[in-house]
Amino acid sequence: MANNSKNTVSVIIPMYNAEKTIEVALNSIERQSAVNRIEEIIVINDGSLDTSEQKVRDYMEKHSELPIQFVSQENKGASAARNAGLKIAKGDLIALLDADDIWLEEKLEKQLQILDEHPDIVFLGAGCKDKIFKRKGKKITKLYRADLFDIFWSFFPVTPSVIFRRYAIEKVGYFDESQKYCEDINYYLRFCIYYNYYYLPEKLVLIDYKKQYFGEYGLTSNMKGMHEGEMKNLKELFQNKQVSFIFYIFFDIFLNLKYLRRLSKFLLVKKSKNVYRKETAQNSSLF
């Protein structure tokens with residue numbers, strides 16, 4: 001299926017209890033306009049307890065034209081699952097996708113066009129929202145090279161939009177399996193340090209299929225954990241002398257204020273919902 005005249009792609013999907021979404025994620029790959037550039041689709045079953053495995057095996061039978069490679073392991077977490085995929089991937093490029101996310105049809109095509117035209121670009125992400133992308137007070141509408149300041153100001157991109165050159169793994173290594181929150185950004189920061197970090201400000205993915213991205217459930221709902229992960233990433237950069245003391249102090253204050261703002265907003269929304277439920281229950285009791 002892969003077009004050997006150009007760089008090929010290995011897609012890595014960690015999967016845990018994704019029986020409701022994995023087929024939709026795989027369909028979004030099958031519908032890619034550049035599906036011919038995909039060398040393999042590696043699905044890592046991270047100890048799922050539901051029918052996820054059977055869903056994938058049934059899908060493989062119905063779509064034998066897709067080069068799906070299925071691997072099972074005991075539950076170790078998303079980072080370990082991604083690492084397992086990285087260690088066996090053969091494509092020139094690595095594209096990441098989660099089992100509850102969706103690629104828009106031209107996602108790969110648009111990113112591959114950029115990577116084909118710019119062989120110096122090692123890491124490339126894209127958008128997941130229609131929101132205007134701004135950096136340092138300017139509206140960004142074209143391919144953008146980000147720096148560490150940009151990334152810490154607003155952590156981006158989302159994992160299912162990421163594609164990078166496989167050879168970079170030799171230098172950046174693998175995901176930190178001991179880190180449960182912000183482990184993706186922890187990994188991507190290394191590309192910014194050792195290579196380059198580009199972003200296409202265009203919506204090419206849909207994240208967290210059938211649920212809100214922040215605050216409903218899952219890892220992203222744990223704001224404290226996310227904050228601790230962000231602070232860990234910042235501290236590591238400073239300890240490794242990859243950012244200045246001024247950079248460290250600035251973002252130490254910035255991230256703590258940002259966390260307090262998020263927490264306050266979350267508590268206000270939660271309080272409003274509780275009041276609404278209480279009033280609804282009281283009104284219902286009148287009938």
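Just so you know, residue 1 is the first one in the sequence shown, and it goes up from there.
With Glu23 as the partner, the salt bridge (Lys or Arg N to Asp or Glu O under 4.0 Å) test is satisfied by one option alone out of Lys62, Arg57, Lys55: Lys55.
In the model, Tyr16 has no side-chain atom that pairs as donor or acceptor with a side-chain atom of Ser52 under 3.5 Å. Side-chain N/O atoms of Glu109 and Ser33 include a donor and acceptor closer than 3.5 Å. Side-chain contact, Gln73 with Asn45: no donor N or O sits under 3.5 Å from an acceptor N or O. Side-chain polar atoms of Asp150 and Tyr144 form a donor-acceptor pair below 3.5 angstrom.
A donor-acceptor distance shorter than 3.5 angstrom exists from the side chain of Arg165 to the backbone of Ile121, with no hydrogens or angles considered. Proximity of a side-chain donor or acceptor of Trp103 to a complementary backbone N or O of Pro160 within less than 3.5 Å is detected. In terms of modelled atom types and a separation under 3.5 Å, the side chain of Thr51 and the main chain of Gln54 share no donor-acceptor contact. Ser161 places no side-chain N or O within 3.5 Å of a backbone atom of Gly125 that could act as its donor or acceptor partner. Panel note: side chain Asn17, backbone Leu49; a donor-acceptor pair is recorded below 3.5 Å.
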Practice prompt. Applying side chain to side chain contact (heavy atoms under 4.5 Å, CB included), run through Leu115 and Asn7 and close with a yes or a no.
Written response: CA-CA 9 Å; Leu115 293 169; Asn7 289 330; 5.9 Å; no

Worksheet item: For Leu200 and Lys142, what are the C-alpha separation, side-chain angles and deciding distance, and is it a side chain to side chain contact (heavy atoms under 4.5 Å, CB included)?
Response: CA-CA 7 Å; Leu200 180 63; Lys142 298 181 180 179; over 6 Å; no

Practice prompt. Could you please spell out the steps behind the side chain to side chain contact (heavy atoms under 4.5 Å, CB included) verdict for Glu74 and Asp46?
Written response: CA-CA 6 Å; Glu74 63 182 45; Asp46 190 43; over 6 Å; no

Worksheet item: Checking side chain to side chain contact (heavy atoms under 4.5 Å, CB included) for the pair Met15/Phe70: CA distance, chi angles, key distance, verdict?
Response: CA-CA 10 Å; Met15 179 182 73; Phe70 187 80; 3.9 Å; yes

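With Tyr248 as the aromatic partner, Lys235 does not meet the cation-pi criteria of under 6.0 angstrom to the ring centre and within 45 degrees of the ring axis.
Salt-bridge check for Glu202 with Lys110: passed, with a basic side-chain N closer than 4.0 Å to an acidic carboxylate O. Salt bridge Asp98/Arg82: present, at least one basic N to carboxylate O contact under 4.0 Å. A salt bridge does not link Arg166 to Asp92: none of the charged side-chain nitrogens sits closer than 4.0 Å to a carboxylate oxygen. A salt bridge links Lys232 with Asp176: the closest approach of a Lys/Arg side-chain nitrogen to an acidic carboxylate oxygen falls below 4.0 angstrom. The pair Arg190-Glu183 does not count as a salt bridge, with every side-chain nitrogen at least 4.0 angstrom from each carboxylate oxygen.
Listed here is the closest heavy atom pair of Cys182 and Glu230: SG-CG, 3.5 Å. Pairing each heavy atom of Ile102 with each of Ser28, the nearest pair is CG2-CB, 3.5 Å. Between Gln179 and Ser79, the shortest heavy-atom distance links the atoms O-OG, 4.2 Å. Between Pro157 and Val162, the shortest heavy-atom contact is CG-CG2, 3.8 Å. Taking all atoms of both residues into account, the shortest heavy-atom contact from Ala126 to Leu204 is CB-CD1, 3.6 Å. The shortest heavy-atom contact between Glu106 and Gln32 is C-OE1, 4.2 Å.
Interatomic distance, CZ of Phe123 versus OH of Tyr195, reported as 13.5 Å (0.5 Å rounding). Here CZ of Phe175 is found 6.0 Å from CG of Leu86. Values are rounded to the nearest 0.5 Å. In this structure, CG in Asp100 is found 11.5 Å from CG in Leu206, a value given to the nearest 0.5 Å. The distance from the NE2 atom of His63 to the CG atom of Leu26 is 8.5 Å, given to the nearest 0.5 Å. Here the CD1 atom belonging to Ile94 is positioned 4.5 Å from the OG atom belonging to Ser10, to the nearest 0.5 angstrom. In this structure, Leu143 CG and Ile114 CD1 are separated by 5.0 Å, a value rounded to the nearest 0.5 Å.
A continuous path of Ile, Leu, Val, Met, Phe, Trp and Tyr side chains, each step under 4.5 Å between heavy atoms, connects Val158 with Tyr198, placing both in one hydrophobic cluster. Hydrophobic clustering (side-chain heavy atoms under 4.5 Å, transitive across Ile, Leu, Val, Met, Phe, Trp, Tyr) keeps Leu97 apart from Tyr187. The hydrophobic clustering, which links ILVMFWY residues whose side-chain heavy atoms are closer than 4.5 Å, places Ile163 and Ile169 apart. Tyr181 and Leu189 are assigned to two separate hydrophobic clusters, defined by single-linkage of ILVMFWY side chains at heavy-atom distances under 4.5 Å. There is no path of hydrophobic side-chain contacts, each under 4.5 Å, that joins Tyr259 to Ile151.
Counting non-hydrogen atoms of neighbouring residues, nucleotides and ligands closer than 6.0 angstrom, the CD atom of Glu117 exceeds 12 such neighbours. More than 12 heavy atoms of other shown residues, nucleotides or ligands fall within 6.0 angstrom of atom CG in Leu257. For Glu105, the CD atom counts as loosely surrounded, since its 6.0 Å shell holds 12 or fewer non-hydrogen atoms of other residues, nucleotides or ligands. A 6.0 Å sphere centred on CD of Glu170 holds no more than 12 heavy atoms belonging to other residues, nucleotides or ligands.
Considering only heavy atoms from C-beta on, Ile193 comes within 4.5 Å of Leu237 through its side chain. Using a 4.5 Å heavy-atom threshold, the side chains of Leu108 and Ile29 count as separate. Counting heavy atoms from C-beta outward, Phe191 and Asn196 have side chains that stay 4.5 Å or more apart. Counting heavy atoms from C-beta outward, Leu93 and Thr8 have side chains that stay 4.5 Å or more apart. You'll find the side chain of Met231 reaches within 4.5 Å of the side chain of Asp252, heavy atoms only. When side chains are defined from C-beta on, Glu40 does not count as touching Val11, because their heavy atoms never get closer than 4.5 Å. By the 4.5 Å heavy-atom criterion applied to side chains, Glu53 and Ile22 are not counted as neighbours. Side-chain atoms of Ile13 and Ile41, non-hydrogen and from C-beta on, do get closer than 4.5 Å to each other.
Two rings, from Phe152 and Phe251, have their centers less than 6.0 Å apart. Between Phe164 and Tyr188, the distance separating the two ring centers is not shorter than 6.0 angstrom. Under the 6.0 Å cut-off for aromatic ring centres, Tyr199 and Phe133 qualify, their centroids lying closer than that.
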